[in-house]
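Structure, as structure tokens:
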Protein chains: 2
Amino acid sequence: MPVVSCAPTVGRPRAFDMDTALGKALEVFWRKGYDGTSLSDLTDAMGINKPSLYAAFGNKEQLFLKAIELYESRPCSFFLPALEKPTAYEVAEHMLFGAAMNMADSNHPQGCVVIQGALSCSEAAATVKEALINRRLEGEQKMRNRFERAKAEGDLPATADAETLARYLGTVLQGMAIQANNGASCEQLRQVAEMTLQAFPRA
Amino acid sequence: MPVVSCAPTVGRPRAFDMDTALGKALEVFWRKGYDGTSLSDLTDAMGINKPSLYAAFGNKEQLFLKAIELYESRPCSFFLPALEKPTAYEVAEHMLFGAAMNMADSNHPQGCVVIQGALSCSEAAATVKEALINRRLEGEQKMRNRFERAKAEGDLPATADAETLARYLGTVLQGMAIQANNGASCEQLRQVAEMTLQAFPRA
DNA sequence: AGATTTATGTACTTGACGGTAAATAACCCT
DNA sequence: AGGGTTATTTACCGTCAAGTACATAAATCT
């Protein structure tokens with residue numbers, strides 16, 4: 001028996017799977033953005049009615065934030081696995097090629113919902129915009145920390161600037177999301193990845 | 001006397017300056033995106049009433065498209081001047097440093113309206129989204145043509161891939177727009193520009 | 001001066017938005 | 001079987017969206 005709230009043991013059982021529905025919501029937000037997504041878009045895609053949505057997920061804003069969490073926890077996500085590669089160069093390599101593969105994947109909307117979910121947006125979306133900016137900054141911070149470690153471990157020259165390297169990589173990854181929205185193919189993104197790596201210092 | 005429609009000579013004169021009002025509209029679209037901008041946002045910023053807006057600019061969509069034209073025609077715009085530099089490397093250099101300066105400029109919203117005006121959006125914004133994608137692709141095409149010329153003129157090695165160079169540069173520029181939205185400073189963007197140039201072939 | 005033309009201000013229409021109330025349905029526990 | 005609990009359905013609320021009708025104001029043309 002779990003300690004914190006899980007599926008309740010009494011009452012009418014939920015007729016839909018929350019994770020599946022959340023996945024559908026994620027896809028809509030990803031494709032249309034927060035402002036561009038209406039509750040009808042969501043309930044249509046999720047196959048539920050509004051009261052079910054509100055009971056299960058709170059409101060539109062909270063649903064969005066939960067969808068982002070799901071997005072980042074996906075096993076196909078390339079970011080965290082790339083960080084665990086043995087050298088800074090391999091980290092960058094896996095990050096860039098993983099992004100090329102993932103962002104152009106036609107099994108889901110192109111690009112990255114953390115980047116395009118609420119880039120320019122209404123005041124009503126200010127909270128989710130902030131949340132996305134923080135996610136992006138955290139991602140860069142993680143890369144920076146990883147590169148600091150690489151300097152300590154000697155697989156990056158001591159003269160390397162971990163912060164700038166992380167920001168450079170972040171910039172290219174974010175640009176690749178726009179490219180994917182432009183219709184760029186996986187192969188085209190891989191070529192960009194190759195060029196990006198040419199500026200990346202090796203041990 | 002101009003051939004095509006200019007300011008009419010009869011009737012009550014317009015009480016506001018169209019270019020000034022269009023500039024205000026641009027700023028709102030830039031900050032809030034197409035979906036996130038309401039007509040009230042626009043009329044408030046432009047200092048006019050809705051009927052004046054509709055009479056002068058058509059509707060929300062046409063107003064947006066005209067605002068984008070204004071954006072690209074701005075003298076402070078860095079893109080076209082950069083293309084005219086004598087060598088491919090200098091083109092890239094001016095493009096990147098121009099973008100660093102422009103996108104973090106706090107005299108207007110951060111980033112680039114062509115990128116963030118309608119990235120992920122509702123179906124109602126599909127037309128403007130397409131228009132923006134086309135603008136971005138045209139920009140890359142112009143860079144590609146410039147780099148083809150550079151190969152012919154010998155300031156890029158014959159082995160260079162003009163298309164990939166253009167896409168790489170486009171990717172970084174687009175990424176810089178996201179960085180600016182994240183709050184990156186001009187100096188931080190300049191550091192990214194420096195790294196980007198390290199992957200750029202010289203003659 | 002008066003007719004014509006164009007812009008402005010106010011008020012309005014229609015529909016969609018996010019969100020909710022209330023009644024009903026489906027389950028568990030005793 | 002019946003009460004307690006939770007989910008679903010339908011219908012609705014108030015607000016704000018984009019866009020417009022209409023009367024009025026300010027200019028030019030004859």
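Chain letters run A, B, ... following the sequence lines, proteins first, then strands; residues in each count from 1.
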> Looking at DNA chain C, which of residues 117-124 of chain B put a heavy atom within less than 4.0 Å of it?
Replying inline: none
> So, A/Gln110 versus A/Gln116: side-chain donor-acceptor pair below 3.5 Å or not?
Replying inline: no
> Got A/Glu90 and A/Asp155 here, is their nearest side-chain heavy-atom distance under 4.5 Å?
Replying inline: no
> Between A/Glu148 and A/Arg144, is there a salt bridge with N-O shorter than 4.0 Å?
Replying inline: yes
Side-chain donor/acceptor pairs under 3.5 Å, residues 186-194 of chain A, sequence neighbours excluded:
{"residue": "A/Gln188", "atom": "OE1", "partner": "A/Ser185", "partner atom": "N", "Å": "2.9"}
{"residue": "A/Gln191", "atom": "OE1", "partner": "B/Thr164", "partner atom": "OG1", "Å": "3.1"}

>> Can you confirm whether A/Glu72 sits close enough to A/Val114 that some side-chain heavy atom of one is under 4.5 Å from a side-chain heavy atom of the other?
In response: yes
> In whole Å, what is the span from the CG atom of A/Leu42 to the P atom of C/dG19?
Replying inline: 11 Å
> Can you tell me if A/Glu130 and A/Asn134 form a side-chain donor-acceptor pair at under 3.5 Å?
Replying inline: no
> Cut-off 3.5 Å, side chains only: do A/Ser38 and A/Asp41 have a donor facing an acceptor?
Replying inline: yes
> What orientation do A/Phe16 and A/Phe57 show, parallel under 30°, tilted 30 to 60°, or perpendicular over 60°?
Replying inline: tilted
> Earliest and latest nucleotide of DNA chain D, 5' to 3', sitting under 4.0 Å from a non-hydrogen atom of chain B?
Replying inline: D/dA17 to D/dC29
> Minimum heavy-atom separation for A/Leu63 to A/Leu22, with atom names?
Replying inline: CD1-CD1, 3.6 Å
> Can we say A/Arg136 and A/Glu140 salt-bridge, meaning some charged N sits less than 4.0 Å from an Asp/Glu carboxylate O?
Replying inline: no
> Residues in salt bridge (Lys or Arg N to Asp or Glu O under 4.0 Å) with B/Glu153, at least two apart?
Replying inline: B/Arg149
> Heavy-atom distance under 4.5 Å between the side chains of B/Ile68 and B/Phe29, does that happen here?
Replying inline: no
>> Tell me whether the side-chain N/O atoms of A/Ser40 come closer than 4.0 Å to OP1 or OP2 in C/dA16.
In response: no
>> What residues from residues 25-39 of chain A pass a heavy-atom cutoff of under 4.0 Å to DNA chain C?
In response: A/Thr37, A/Ser38, A/Leu39
Can you pull every protein N or O that's under 3.5 Å from an N or O on nucleotides 7-10 of chain C?
{"residue": "C/dA7", "atom": "OP1", "partner": "B/Arg14", "partner atom": "NH2", "Å": "3.1"}
{"residue": "C/dA7", "atom": "O4'", "partner": "B/Arg12", "partner atom": "O", "Å": "3.3"}
{"residue": "C/dT8", "atom": "OP1", "partner": "B/Ala15", "partner atom": "N", "Å": "2.8"}
{"residue": "C/dT8", "atom": "OP2", "partner": "B/Ser52", "partner atom": "OG", "Å": "2.9"}
{"residue": "C/dG9", "atom": "OP2", "partner": "B/Asn49", "partner atom": "OD1", "Å": "2.5"}
{"residue": "C/dG9", "atom": "O5'", "partner": "B/Asn49", "partner atom": "OD1", "Å": "3.4"}

> Roughly how many Å is it from OH in A/Tyr54 to P in C/dC17, rounded to a whole number?
Replying inline: 12 Å
> Does NZ belonging to B/Lys60 count more than 12 external heavy atoms closer than 6.0 Å?
Replying inline: yes
